[in-house]
Amino acid sequence: VNLLKWKYLDTVTIDVELLPPKFNHHQNDNGDGDALNVGVMGNEQTTVDMTRYVNLPKSELYRLEADRAASGSRIAEVGFDPETGEWYYLTMRPDKVAPNHISTVLGTLLELSESLTTEELQYRMSVPPGQRDTYRKDLKGMLKQLLNFQKQKLEPTKK
């Protein structure tokens, strides 16, 4: 039996550990000194610092800090929105005692970068055994049709 685990992209998240501010001295890309310090589990119980990569917008950071104060948890679930390029805070995880392992995090980031849509998954799974998967070729052709459609819509306004 071959099984496939697939999740909607907005449900692909990682669990990170909230680290003390003194753990590192990184600033986020905005030069903001109050960046959230986060880490994930490395090999042999080490911590992999992810502060440089996981930057929450201020509104998300405020929500996280409020929930952390209320829950006392040090594990937070965060996600990345590939459409906006922003991280978001989902919830604190008082049920967890450790963050995700770096291999899980890297797999999750790879999954997000591939951006497999529901339509692509359905298309690829409908290819009969023994037949060639022509998704990329067919998609390229459909995108050309879409561009031609857009050009035709704009032509009457040019006259």
Write down the atom of Asn55, the atom of Arg52, and the distance for their closest heavy-atom approach.
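Heavy-atom minimum between the residues: ND2-O, 3.6 Å.
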
Indicate the atoms forming the closest heavy-atom contact of Gly39 with Pro99, along with that distance.
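For Gly39 versus Pro99, the nearest heavy atoms are O-CB, 3.8 Å.
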
Rounded to the nearest 0.5 Å, how far does [atom2] of [Y] lie from [atom1] of [X]?
{"X": "Lys151", "Y": "Leu154", "atom1": "NZ", "atom2": "CG", "result": "10.0 Å"}
{"X": "Met41", "Y": "Asn100", "atom1": "CE", "atom2": "CG", "result": "9.5 Å"}
{"X": "Leu112", "Y": "Thr13", "atom1": "CG", "atom2": "OG1", "result": "9.5 Å"}
{"X": "Tyr62", "Y": "Leu56", "atom1": "OH", "atom2": "CG", "result": "12.0 Å"}

Is [X] linked to [Y] within one hydrophobic cluster, defined over Ile, Leu, Val, Met, Phe, Trp and Tyr using a side-chain heavy-atom separation of less than 4.5 Å?
{"X": "Met92", "Y": "Leu90", "result": "no"}
{"X": "Ile75", "Y": "Met50", "result": "no"}
{"X": "Val105", "Y": "Tyr88", "result": "no"}
{"X": "Leu116", "Y": "Val127", "result": "no"}

For the side chain to side chain contact (heavy atoms under 4.5 Å, CB included) test, which of Leu19, Asp49, Leu18, Val16 pairs with Asn37?
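Running side chain to side chain contact (heavy atoms under 4.5 Å, CB included) over Leu19, Asp49, Leu18, Val16 with Asn37 returns exactly one hit, Leu19.
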
Side chain proximity check, Val78 to Ile14, heavy atoms < 4.5 angstrom
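Sidechains of Ile14 and Val78: in contact.
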
4.5 Å side-chain heavy-atom contact, His101 and Asn43
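With C-beta onward as the side chain, the pair touches.
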
Under the side chain to side chain donor-acceptor pair (under 3.5 Å) test, residues paired with [X] that sit two or more places apart:
{"X": "Thr108", "result": "none"}
{"X": "Glu111", "result": "none"}
{"X": "Lys96", "result": "Asp15"}

Neighbour count above 12 (heavy atom, 6.0 Å) for Tyr135 OH:
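Counting neighbours around OH of Tyr135, more than 12 heavy atoms of other residues, nucleotides or ligands fall under 6.0 Å, so yes.
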
Could you pull out all residues at least two apart from Leu110 that satisfy side-chain contact (heavy atoms from CB on, under 4.5 Å)?
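Leu110 satisfies side-chain contact (heavy atoms from CB on, under 4.5 Å) with Ser113, Glu114 once adjacent residues are dropped.
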
Show me the donor-acceptor pairs within less than 3.5 Å that the side chains of residues 63-70 make with the rest of the protein, sequence neighbours left out.
unit_1, atom_1, unit_2, atom_2, d
Arg63, NH2, Glu60, OE1, 3.2
Arg63, NH2, Tyr89, O, 2.5
Glu65, OE1, Arg68, NE, 3.3
Glu65, OE1, Arg68, NH2, 2.9
Glu65, OE2, Arg68, NH2, 3.1
Asp67, OD2, Tyr89, OH, 2.7

What side-chain donor-acceptor pairs closer than 3.5 Å can you find for residues 136-143, not counting sequence neighbours?
unit_1, atom_1, unit_2, atom_2, d
Asp138, OD2, Tyr123, OH, 2.1
Asp138, OD2, Thr134, OG1, 2.9

